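Contents: one structure, followed by commentary.
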There are 2 protein chains.
Amino acid sequence: MSEKITIYDIAEKLNITAATVSRALNNNPKIKESTRELVLKTAASMNYKQNKLALALKSGRSNNIGVIVPRIDSNFFASVIRGIEEELHPHGYQVIICQTHEDPKRENENLYTLIDAQVDGIIMSVTDVTNENDGAFHNVLQKNVPLIFFDRSKHIEGVSSVTINDFKGGYITTKHLIDEGCRSIAHFSGDQSLEIFKNRFLGYKQALLDNGMTFKEEYVIRTKSSVDAGKEAIDTLLKLETPPDALFSSSDFAALGAIQELKERNISIPNEFCVAGFSNEPFTKFMELSITSVDQSPLEMGKMSARVFLEQVDKTNTIKIEKKVVLAPELHIRKSSSRTNF
Amino acid sequence: MSEKITIYDIAEKLNITAATVSRALNNNPKIKESTRELVLKTAASMNYKQNKLALALKSGRSNNIGVIVPRIDSNFFASVIRGIEEELHPHGYQVIICQTHEDPKRENENLYTLIDAQVDGIIMSVTDVTNENDGAFHNVLQKNVPLIFFDRSKHIEGVSSVTINDFKGGYITTKHLIDEGCRSIAHFSGDQSLEIFKNRFLGYKQALLDNGMTFKEEYVIRTKSSVDAGKEAIDTLLKLETPPDALFSSSDFAALGAIQELKERNISIPNEFCVAGFSNEPFTKFMELSITSVDQSPLEMGKMSARVFLEQVDKTNTIKIEKKVVLAPELHIRKSSSRTNF
DNA sequence: TACTTTCGTGTAATCGATTACATAAAAGTT
DNA sequence: AACTTTTATGTAATCGATTACACGAAAGTA
C-alpha cells in the first residue's frame, strides 16, 4: 500500500538506468528531450516523490534551519519565528524549533542536537551571556554552519547578528517622558549581563544627562519580566523619600504591574505618573489605558535574520562574513504617557 | 578544519571495520568489552557525531515531526506548539513548523513538503474544512504517516484528534451569563464550516433553550476574529429594536472590540451589559476591565497531541487507531461579566 | 582427539539520490 | 572513407550508518 517509489522503480519500468532518471528529473541538458518527457510522465503517473533524506545525505545539505529561542509562546519570539519562516519558505527551507527555557544547559544541548541533525544554519536568541561553555558555539562554527544571533547576541568572532538599537530605544523613550514634563524618571531593568538590557539602561541614563537631569542609582531597579515583579518594584520606588513621577520599564509586563499598583493607590496616570514599556506586546495597545511601548519589529527582525542566513549559506567556505544589522526601534506613544492630547 | 568524523575514520584509526565501530557505539552485546571501550574512547577523543541523515535514510525515520498551523504568532497556536515541543523533545524528536495563513493551497503544499521531508508524523490544525482537495491528506495516510488534528479537525477515517468540548464551552459560558441575570444574550460566531465555531454556537443555543429563553436568529452575528470586526458587529446589534444585554463572543478579539464600542457609548459593563469571550488570550486578564473567557488549555492540547502521536508512531503498521481526545473547557470568570462580587 | 558451540569481527548489501568517468552511437568534417 | 566531435546513456562510486550473513578462533563436550 505505502509503496515508496524511487528512481530505480521508474528506471526499471522504462528499461533505463536510475542515473538517466535522475538526470531527466533534474533537467540535465544532456538528456534527450523525448526521454525526459517520458521519465517525467512516468514519474508523475507513479506518484514519485524525491526522497529528501537521500538527497540531504548526498549533498550534505538538509534544507532545514534550526531556530533556538527561550520560549515560543511569547509574542515577540513567535513573531520573529513567523518572519523567519515566511522568508525562508520560498527558498525551500524548513524551520526547526527549539526552546531553551533560559537554561544554558538546554541551549548547549539544542545546539548539539541541531548540528547532529545536519541543519544548514542556526538562528538564535542567546539565553545567558555568562554561559561560559562556549564549546557548543565553537562546535557550530567549526562545522562551518552559519550562525546568526537575533535580539540577544553574544560577541563571538565570525557570528552575524540582527538586533535593534536598544540604546536608542531607551533614549527616545526617556526623552519622550522628559518632554511630557516628567522630572524624576525611574527605570526597570533586566539582567544586565544581557546587552539588550544594558543598552536600554544606558540609553535611559544618557537621555537624562543630555537633558540636564540627574541620574539616581536608586531609581533603577532590576526586575524580572512579569506583572508581579513590576508591582513589587514600583512599591519599592514609591517608598523612597522622593519617589519618581515616571517609569521607563524594559518589560511591558513589569510596566503593567506597575500601572496596576499605581491605580490601586489612586495615582493618576498619566497626570501624576507616566509609564512606558518595551516590546510593544499586543496587550499594551488593547488596554483601556493603553501603554506606551517600544516596538522591536519582530517580524522584520525574523525576516532580516533569514536574509542574513541566506547571504551566508553559500559563501560559508570562503571568507567568514560577520554582518551586524541593527534595526531602529519605534516608540508607540499611548495614553500611559500622553499628557498632551489623546 | 570542519572535518566530519565518520565511523570509517574511527575504524581506520583502530584498524578495525566500520561495522565493529557501529556495533560498539550501539551497545551491541556481541562486541568484546575491551573493543567497545576502546571505540567509545576513541570516538569521544575524535569528537565523533553520528550523522542523523545517514541514520534517517537507513532507518526510514527522520525523527522530525511536522506541525502545521494557520499562523504561529497567536498565543493559542504558539502555546500548543510549545506543548508539542516539550512533550516530544525527551523522545528525540524535532519539531518542524509550517504556516498556512488560512490558505488551503498552502495547507496542501505544506502537507506534501512534510511528507517529502520524510517526517515521522504530522500534527495540525485544519485551515478550511471545505477544502475539497483531500488528496494531500490521503497522501499522508497512504504513506502510513501518523496524522493528528488538534482544535480544528476534519472527519477523515483513521485520523486521531485532540479538541476541546466547544459545545460545553459555549454552554457553560451562556449559562453563566444567564446566571448573572442577562436576559437577551447575543453571540458572535465564526466560520460555521469549522466545527469549533458551530459547536460553540450550538452550546450557546442549547443553554438558552434549556433555561427557558428564546433563541433569536438576529442575535447571532458571524464575525472575523478581530477588534474591528467586533466593533462593527456590536454596532449592528445595538441598532436592533430590542438590543441584547449580553454577548458571548467566539473570539476574544471581537469581544474586546465590542467592549471598546460599548464604553464609547457609555454603556456600563457589566451592570448594563455583560461580555464573555473565547480562548483566554493573555490580554483578557490584563485589562483593567478584565474579560471573562473560555480557556482551551493549549499547552495541554499540544502535549496530548504529542502523546497521541507517540502512541501511534510505532503501531502504524498494525491496525489503524483512531483516537478522539476531547479536553474540557474552563471558564475564567472576570469583571466583564461579574455582577455579583469581584 | 574430533566435533560442536559460542564469540567477535569482517564482508558486503542496503537506504535513495547524484555525478565523475566511460562508452557506444550519431553527427559532423575533411 | 576515415577521423573527430557531439550526444545520450550506462557504470559504478559516494554520502554515513546499519545489519544479515559468513567465517576464523576460542571454548566446551564427548
Side-chain angles (χ1 to χ4, degrees), chain A residues 2-40 42-43 46-64 92 115-120 143-145, chain B residues 2-40 42-43 46-64 92 115-120 143-145:
Chain A
S2 100
E3 316 171 38
K4 299 243 179 184
I5 305 295
T6 72
I7 52 172
Y8 294 94
D9 299 319
I10 301 175
E12 193 177 15
K13 187 157 190 171
L14 297 178
N15 265 322
I16 54 180
T17 53
T20 307
V21 174
S22 172
R23 282 188 276 249
L25 293 172
N26 287 296
N27 289 318
N28 186 313
K30 292 190 162 185
I31 289 292
K32 214 201 301 179
E33 195 50 40
S34 60
T35 10
R36 183 197 318 287
E37 278 168 22
L38 184 62
V39 169
L40 257 50
T42 314
M46 295 176 80
N47 196 25
Y48 166 78
K49 293 283 169 194
Q50 186 191 48
N51 185 324
K52 302 282 183 190
L53 288 180
L55 179 61
L57 176 59
K58 186 70 172 79
S59 67
R61 314 177 78 247
S62 64
N63 280 302
N64 287 149
I115 290 297
D116 280 7
Q118 311 283 122
V119 293
D120 296 341
K143 292 268 190 329
N144 270 326
V145 174
Chain B
S2 102
E3 317 172 35
K4 299 245 179 182
I5 304 294
T6 73
I7 53 172
Y8 295 93
D9 299 319
I10 300 175
E12 194 177 14
K13 185 156 191 172
L14 297 179
N15 267 320
I16 55 180
T17 53
T20 305
V21 175
S22 172
R23 281 189 275 249
L25 293 172
N26 286 295
N27 287 318
N28 186 313
K30 291 189 163 187
I31 289 294
K32 214 201 301 180
E33 194 51 39
S34 60
T35 355
R36 183 198 318 290
E37 279 169 20
L38 186 60
V39 169
L40 258 50
T42 314
M46 294 177 80
N47 196 25
Y48 166 78
K49 293 282 170 195
Q50 186 190 48
N51 185 324
K52 302 282 184 192
L53 289 179
L55 179 61
L57 175 60
K58 186 71 173 77
S59 67
R61 313 176 80 246
S62 65
N63 281 302
N64 287 150
I115 291 297
D116 281 8
Q118 312 282 124
V119 293
D120 296 341
K143 293 269 192 325
N144 269 327
V145 174

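Residue numbering restarts at 1 for every chain, and letters A, B, ... go by the order of the sequence lines. Only a predicted model underlies this, so the values are computations on that prediction, with no experimental measurement involved.
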Next item on the list: Using a cut-off of strictly less than 4.0 Å, decide whether A:Q118 has a side-chain nitrogen or oxygen near OP1 or OP2 of D:dC15.
Entry: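 No, no such contact exists.
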Of the nucleotides [options], which one has an atom closest to the side chain of [X]?
X     : options                : value
B:N51 : C:dG16, D:dA17, D:dT18 : D:dA17
A:A19 : C:dT11, C:dT18, C:dT19 : C:dT19
A:T20 : D:dG10, D:dA17, C:dA17 : D:dG10
A:Y48 : C:dG8, C:dA17, D:dA17  : C:dA17
A:T17 : D:dA17, C:dT18, D:dG10 : D:dG10

Close side-chain approach of [X] and [Y], heavy atoms under 4.5 Å:
X     : Y     : answer
B:V21 : B:Y48 : no
B:I7  : B:V39 : no
A:Q50 : A:L55 : yes

Check: Where each residue is assigned the nucleotide of DNA chain C containing its nearest heavy atom, which of B:A54 and B:K30 is assigned the position nearer the 5′ end?
Finding: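 Looking at the nearest nucleotide for each, B:K30 comes out on the 5' side.
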Checklist line | Whichever of A:I7 and B:I16 has its nearest DNA chain C nucleotide further upstream toward 5' | finding: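 That would be B:I16.
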Mind calculating the distance between [atom1] ([X]) and [atom2] ([N]) to the nearest angstrom?
X     : N      : atom1 : atom2 : value
B:I5  : D:dA17 : CD1   : P     : 10 Å
B:N63 : D:dG16 : CG    : C1'   : 16 Å
A:L25 : D:dT9  : CG    : C1'   : 15 Å
B:L55 : D:dG16 : CG    : P     : 14 Å
B:N28 : C:dG8  : CG    : P     : 10 Å
A:Y8  : C:dT14 : OH    : C1'   : 10 Å
A:I31 : D:dG10 : CD1   : C1'   : 11 Å
B:L14 : C:dT9  : CG    : P     : 11 Å

Note to self: Any side-chain to backbone donor/acceptor pair from A:T42 onto A:I10? Under 3.5 Å, distance only.
What the structure shows: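 No, A:T42 side chain to A:I10 backbone: no donor-acceptor pair under 3.5 Å.
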Item checked: A:D120 side chain vs A:S62 backbone, donor-acceptor pair below 3.5 Å ->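 Flag set: sc A:D120 to bb A:S62 pair under 3.5 Å.
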Just call it for [X]: base, sugar-phosphate, or nothing, with non-hydrogen atoms closer than 4.0 Å on any strand.
X     : answer
A:T35 : sugar-phosphate
A:K52 : nothing
B:N26 : sugar-phosphate
B:K58 : base
B:L57 : base

Check: So how far is it from B:R36 CZ to B:N26 CG, rounded to the nearest 0.5 Å?
Finding: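 So the gap between those two atoms works out to 10.0 Å.
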Notebook entry, point to check: Atom CE in A:M46, atom OG1 in A:T6: separation rounded to 0.5 Å?
Noted result: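 With rounding to 0.5 Å, CE (A:M46) is 8.0 Å from OG1 (A:T6).
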Item checked: Upstream residue (5' side of DNA chain D) when A:E33 and B:S22 are each assigned their closest nucleotide ->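 Nearest-nucleotide comparison on DNA chain D picks A:E33.
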Notebook entry, point to check: What about B:R23, does its side chain sit under 3.5 Å from the base of C:dG10 through a donor-acceptor pair?
Noted result: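 Side chain to base: pair present.
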Notebook entry, point to check: NZ of B:K49: more than 12 outside heavy atoms within 6.0 angstrom?
Noted result: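 It does: B:K49 NZ has more than 12 such atoms within range.
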Next item on the list: Give the angle between the helix axes at the two ends of the helix from C:dT1-D:dA30 to C:dT30-D:dA1, taking five base pairs at each end and rounding to 10°.
Entry: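 The value is 60°.
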